[in-house]
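Just so it is clear, the structure is predicted and the values come from calculations on it, not from any experiment. One-based numbering, in listed order, for ligands and for the atoms of each. What's counted below: heavy atoms across the whole structure, side chains too, no hydrogens, waters or symmetry copies.
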Amino acid sequence: MSPARRGRLVAVSNRVGPVTGEGAAGGLAVALVDALRETRGIWFGWSGKTGGSAESNRVRVRETAGLRTATLDLPAADHDGYYNGFANHCLWPLFHFRVDLSRYDPDEHAAYARVNALFARQLLPLLESDDLVWVHDYHLFPLAAELRALGARQRLGFFLHIPFPPRDILNTLPAHEWLVRALFDYDLVGFQTEQDLQRFCDYIEREARGSVSGTRVRAWGREIRAAAFPIGIDVGAFERLATAPAAARQVRELRARLRDRAQIIGVDRLDYSKGLLRRLSAYETLLERQPRVHGKLEFLQIAPISRGEVQAYRDFRAEIEQAAARINSRFARLDWTPVRWLTQAVPRPTLAALYRASRVALVTPVRDGMNLVAKEYVAAQDPDDPGVLVLSCFAGAAQQMQAALLVNPYDAAATAEALLRASELPLDERRARHAELMRGLREFDLARWRDAFTQALAAPARRRVRDLRALLRLPSATTESPSRSRH
Ligand code: ADQ
């Protein structure tokens with residue numbers, strides 16, 4: 001770990017992920033777990049169980065496979081208001097630019113604040129003075145404020161995995177100032193992309209009447225650091241998964257089943273931000289306009305059900321299943337089903353094999369913080385005969401993956417054309433695009449994301465601006481420019 005690192009790393013997220021077994025193979029969990037093990041740190045979060053009361057529930061500290069986790073059960077009503085309510089019915093849609101789906105309920109807001117306060121009370125006694133505390137995502141905006149109110153002096157960092165919305169959209173949230181102001185109790189705030197950072201800075205400058213100078217952001221009498229830290233994947237691990245003997249066997253079996261058909265793959269949680277309806281509509285447009293692809297393409301969408309307790313998700317699921325059924329009833333033949341729809345989670349080795357066996361990946365969110373599926377698909381390809389990534393320009397990943405075929409998911413005809421082009425792209429162009437994408441994946445991988453963030457958080461305050469630039473490899477010309485324009 002970095003020489004700048006002092007003390008332990010303490011990660012805080014809504015859920016503590018599985019630390020062993022199949023579930024732990026998820027990239028983010030692995031990256032955090034490695035860093036937590038190295039520093040003898042802790043991963044703190046909700047246990048996944050509801051019940052009891054805020055007064056009676058106690059944090060459970062466990063050590064599994066060399067990693068310490070600290071988990072807490074949440075009172076059922078508080079959990080519902082905090083997680084299904086404010087986090088996923090209010091913040092998630094709003095931060096994905098869906099004001100129409102966002103619902104603000106003061107009781108849910110209060111439950112969100114209560115759960116953050118409870119997390120802070122239970123976390124504080126576990127902290128040592130030189131710990132680095134890394135808080136993850138929109139469930140926990142006010143955690144630092146709650147910790148500070150209890151006297152915490154540790155370095156506190158926050159990383160937002162989802163997009164930061166434009167000022168006009170954020171302003172529709174009655175509690176917008178409360179939410180953004182809470183970020184000023186952290187020392188470092190990280191975003192996925194420069195665009196997210198710019199939208200945050202725009203809010204600070206115009207709405208909060210604060211100021212931005214390089215990575216220093218001042219508002220409400222406080223100063224924090226803010227920067228973009230694009231998350232990556234563990235490229236080597238995904239390559240190994242995709243080339244393991246079991247995967248190679250699965251790829252052969254899948255290809256034998258497909259015969260001369262090209263498989264298009266989509267892998268997403270069943271979420272309206274992932275653009276699944278528009279994706280189906282683009283595929284339908286292609287089938288309408290290009291009868292020659294009938295029987296030649298097969299679209300496999302893997303979309304495990306998520307947040308099934310939120311009404312918007314249930315409505316959306318029904319719509320999407322109808323759309324898939326409509327396409328199949330319009331175009332299916334005895335020997336060909338145009339759309340195959342799976343709603344179960346798939347073990348990661350199988351996922352890697354499915355990616356490798358697919359000629360095209362269709363990753364078309366209407367808005368996404370980053371999108372790791374795009375990166376996993378590329379890493380799983382055979383460099384000698386790689387598939388093609390069709391990627392939404394509204395995924396954070398598009399900023400780094402310019403060698404993909406970039407599409408506007410709102411334009412069904414253009415997406416259909418890109419899909420056709422992807423399925424017919426000549427080998428030399430496929431190889432060139434894949435090589436270019438792999439260079440980017442290796443340069444900005446998961447370890448770099450983790451180390452850049454934790455080193456920036458650990459760096460002494462007066463050196464932090466320069467260190468951040470070096471870590472993020474920003475050109476020195478922009479260093480400390482007081483009037484750096486962000487618009
Ligand atoms: P998500 O919205 O969950 O993450 P994404 O980045 O695509 O979106 O990550 C999904 C992960 O789940 C991938 O690793 C994928 O392989 C896995 N997955 C999806 N479907 C699966 C299935 N059926 N079986 C097994 N695994 C499956 C949030 C933000 C993103 C951001 C990430 C990380 O919304 O924008 O990229 O956090 O910061």
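- For ligand 1 and Ala345, the ligand atoms under 4.0 Å from any heavy atom of the residue are 22 (C), 23 (N), 24 (N).
- Cation-pi geometry between Arg367 and Phe97 is met: under 6.0 angstrom from the ring centre, within 45 degrees of the axis.
- Residue Asp368 has at least one nitrogen or oxygen atom sitting less than 3.5 Å from a nitrogen or oxygen atom of ligand 1, judged on distance alone.
- When all heavy atoms of Asp268 and Gln301 are compared, the closest pair comes out as OD1-NE2, 2.8 Å.
- Distances below 4.0 Å separate heavy atoms of Pro304 from the following atoms of ligand 1: 20 (N), 21 (C), 22 (C), 23 (N).
- Between Phe159 and Trp134, the ring planes lie perpendicular to each other; the angle is over 60°, past the 30° to 60° tilted range.
- The distance between the ring centers of Phe95 and Phe141 falls below 6.0 angstrom.
- With a 4.0 Å cut-off on non-hydrogen atoms, Lys274 touches ligand 1 through its side chain and not its backbone.
- Distances from atom 7 (O) of ligand 1 to the heavy atoms of Leu372, Leu446, Ile302 show the closest one on Leu372.
- Under 4.0 Å from ligand 1, the heavy atoms of Leu351 that appear belong solely to its side chain.
- Near Gly369, with a cut-off below 4.0 Å to any heavy atom, the atoms of ligand 1 are 35 (O).
- Taking the six-membered ring where the residue is Trp, the centroids of Phe229 and Phe191 are separated by 6.0 Å or more.
- Both the backbone and the side chain of Val373 come within 4.0 Å of ligand 1, judged by heavy-atom distances.
- In this structure, Trp92 has its ring center closer than 6.0 angstrom to the ring center of Tyr138.
- Proximity of the aromatic rings of His176 and Tyr203 is defined here by a centroid distance below 6.0 angstrom, and this criterion is met.
- In the vicinity of Val267, heavy-atom distances shorter than 4.0 Å reach the ligand 1 atoms 19 (C), 20 (N), 21 (C).
- Using a 4.0 Å cut-off between heavy atoms, Val346 contacts ligand 1 through both its backbone and its side chain.
- Taking a cut-off of under 4.0 Å to the non-hydrogen atoms of Gln192, the atoms of ligand 1 that pass are 31 (C), 38 (O).
- By the criterion of a heavy-atom distance under 4.0 Å, the side chain of Trp92, and not its backbone, is placed next to ligand 1.
- At a heavy-atom distance under 4.0 Å, only backbone atoms of Gln344 (N, CA, C or O) approach ligand 1.
- For Arg62, the CZ atom is loosely surrounded, since the number of other residues' heavy atoms within 6.0 Å does not exceed 12.
- Ring centers of His79 and Trp46: under 6.0 Å apart, within the cut-off.
- Remark: ligand 1 atoms within the under-4.0 Å shell around heavy atoms of Arg269 are 1 (P), 2 (O), 3 (O).
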